Amino acid sequence: MSSEKDTLSATNSELRAGDHNARYLYETALGALPTGVIHLSADGAFLGATSAMERMLGHPPGWEPPEGGLLELVHPDDQEVGVAALARLAGDPALEPWDSTTDSVDLRVRNVDGDYRWLEARGTDLRQDPQVAGYLVSFTDVTSRVEATQYRSQFFRTAAHELRAPVATMLGRLDILEATLEKVKADLPTTVPATVEHLRSSALRMQRLVGDLMDSARMDSGEFNLVRRDNVDLAALITKEIADLAVEAAERNVTITKRVTPGPKVTVDPVRISQVIANLLSNACRYGKNGGAVMVTADPTRDGWCIRLVDTGIGMDAETVARLGEPLFRSERAKEHSVGTGLGFAVTKGIVEAHGGTLTVESELDRGTTVTVLLPYDAD
Amino acid sequence: MTVSVVICDDDPQIRDMWADWLELLRDIDVVGRAASGEEAISFILEKQPTFAMVDRSMPPGDGITAIRAVRAGGYRGPIVVVSGEDGEEAGETDLTDVHYVSKASGPSALATFLDGMGW
């Protein structure tokens with residue numbers, strides 16, 4: 001009996017030593033990561049922070065947040081975002097549930113020197129776990145990323161602003177040139193009107209690029225807004241955009257067909273939704289194969305209009321599909337196939353989302369791509 | 001009826017393009033070309049054109065201040081505000097008979113306005 005007791009005692013002691021070793025290893029590993037973690041109780045009180053968190057904010061070991069709580073460290077302009085994220089994490093039924101695998105928020109947090117750093121916060125609700133009985137919130141310093149995005153956004157905005165006047169001047173001068181040539185067209189070699197048309201086509205392309213630069217900059221900085229709300233006949237809008245793209249489709253030998261189920265009008269910014277359809281159609285043609293086809297369908301559903309573009313083009317691999325929407329991203333295959341900037345799709349997706357809609361892409365290499373836009377009947 | 005216009009823009013290339021475009025393609029009489037907000041106020045009030053075109057941004061001043069001044073000075077004609085960016089038309093609810101065209105649209109948005117006016 002005694003020997004059994006001794007054995008148990010020795011085993012418990014080994015286990016405790018094992019626990020201690022495991023804990024030491026765990027804390028060391030956590031401390032070595034560039035990500036800091038804060039442990040909050042179920043009612044949101046601060047319980048502890050990893051050494052990486054303390055280091056990130058420049059505090060010594062054993063640091064505790066100010067008496068007013070962690071929120072005091074958050075920049076006043078970001079406190080609302082932080083509070084809303086915590087409410088979502090806590091399961092506020094009035095808010096969209098927090099998905100700990102994908103959701104994050106960027107906040108400016110004050111370090112020991114009084115400087116603000118951009119931290120990406122991710123939270124996990126572990127209130128049901130007796131070991132944690134609260135929340136774990138991880139923070140990663142993303143200041144470089146945020147500043148790079150801000151720089152890119154400012155550069156795009158400045159470039160777009162400065163390019164608008166010369167592009168408008170070119171388009172106006174081309175109108176004048178065309179009207180002047182019209183009076184003497186019988187005496188002109190055919191290369192002259194053709195050259196003017198090519199110049200106009202290039203100027204319009206530059207105009208679209210300038211628009212994409214500006215839209216992308218606005219989306220980066222959260223300043224993208226819809227300007228108008230009109231009741232729009234989606235069938236008429238799709239028909240017009242297909243007609244406008246007829247020349248490009250014919251040049252690429254791509255056939256476009258459509259099927260639109262009768263349904264209610266939709267309240268949207270008509271210029272922006274035209275831009276969405278035009279961009280998606282243009283992509284389907286540009287990345288189409290010679291002799292390929294694009295099928296456009298639109299069907300009213302319970303949640304809004306479901307617009308689908310199915311093409312038989314070059315398609316994309318899963319990695320490319322996952323990166324679609326990143327400003328300036330273009331796959332090597334796309335670069336080989338067609339010119340572009342990698343801005344159009346990001347802007348298109350942003351416009352759909354600004355209408356409260358969703359845009360999803362399914363694709364298979366060498367088989368084609370299906371883009372599905374779900375557009376609510378009334379954009380919020 | 002002869003339609004006349006005062007064009008106000010600090011960029012000489014775009015100011016001259018608008019002027020040539022309106023004269024040659026729409027037979028509109030360009031009676032003034034202003035390069036600043038101050039010139040815009042002076043020319044519009046002096047010439048009393050059928051309509052005026054005013055660039056929203058004319059450093060060091062801005063077109064909206066000039067428009068408020070010409071309205072206070074008694075000018076009642078339509079005013080086309082040329083904005084550098086789409087969606088810049090927010091916030092001027094006190095101004096009447098102002099029409100916004102985006103510089104990015106080139107002459108097409110101006111043409112739509114003129115067609116609507118029957119000019």
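Keep in mind that this is a model prediction, so the values were computed, not measured. Excluded from the calculations below are hydrogen atoms, water molecules and symmetry mates; all remaining heavy atoms, backbone and side chain alike, are included. The chains referred to below are lettered A, B, ... by the order of the sequence lines, with proteins before strands, and numbering in each begins at 1.
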Are there over 12 heavy-atom neighbours, none belonging to [X], within less than 6.0 Å of that residue's [atom1]?
{"X": "A:Arg145", "atom1": "CZ", "result": "yes"}
{"X": "B:Gln13", "atom1": "CD", "result": "no"}
{"X": "A:Lys185", "atom1": "NZ", "result": "no"}
{"X": "B:Glu38", "atom1": "CD", "result": "no"}
{"X": "B:Asp97", "atom1": "CG", "result": "yes"}
{"X": "A:Phe155", "atom1": "CZ", "result": "no"}

* Point-to-point distance, once rounded to the nearest 0.5 Å, from CG of A:Leu171 to OG of B:Ser105 -> 9.5 Å
* For B:Ile14, is it the side chain, the backbone, both or neither that has a heavy atom under 4.5 Å from a heavy atom of chain A? -> both
* To do: Answer with side chain, backbone, both or neither: which region of B:Asp16 has an atom nearer than 4.5 Å to a non-hydrogen atom of chain A?
  => both
Identify the heavy atoms of [X] and [Y] that sit nearest to each other, and give their distance.
{"X": "A:Gly172", "Y": "B:Pro107", "result": "CA-CG, 3.3 Å"}
{"X": "A:Thr169", "Y": "B:Met17", "result": "O-CG, 3.7 Å"}
{"X": "B:Leu24", "Y": "A:Ile176", "result": "CD1-CG2, 3.6 Å"}
{"X": "B:Ser102", "Y": "A:Arg164", "result": "OG-NH1, 4.3 Å"}

* Under 4.5 Å from a heavy atom of chain B, the part of A:Asn225 involved -> neither
* Begin from the C-alpha positions of A:Arg173 and B:Asp20 and carry the test side-chain contact (heavy atoms from CB on, under 4.5 Å) through to its verdict. => CA-CA 8 Å; A:Arg173 291 288 171 196; B:Asp20 291 349; 2.6 Å; yes
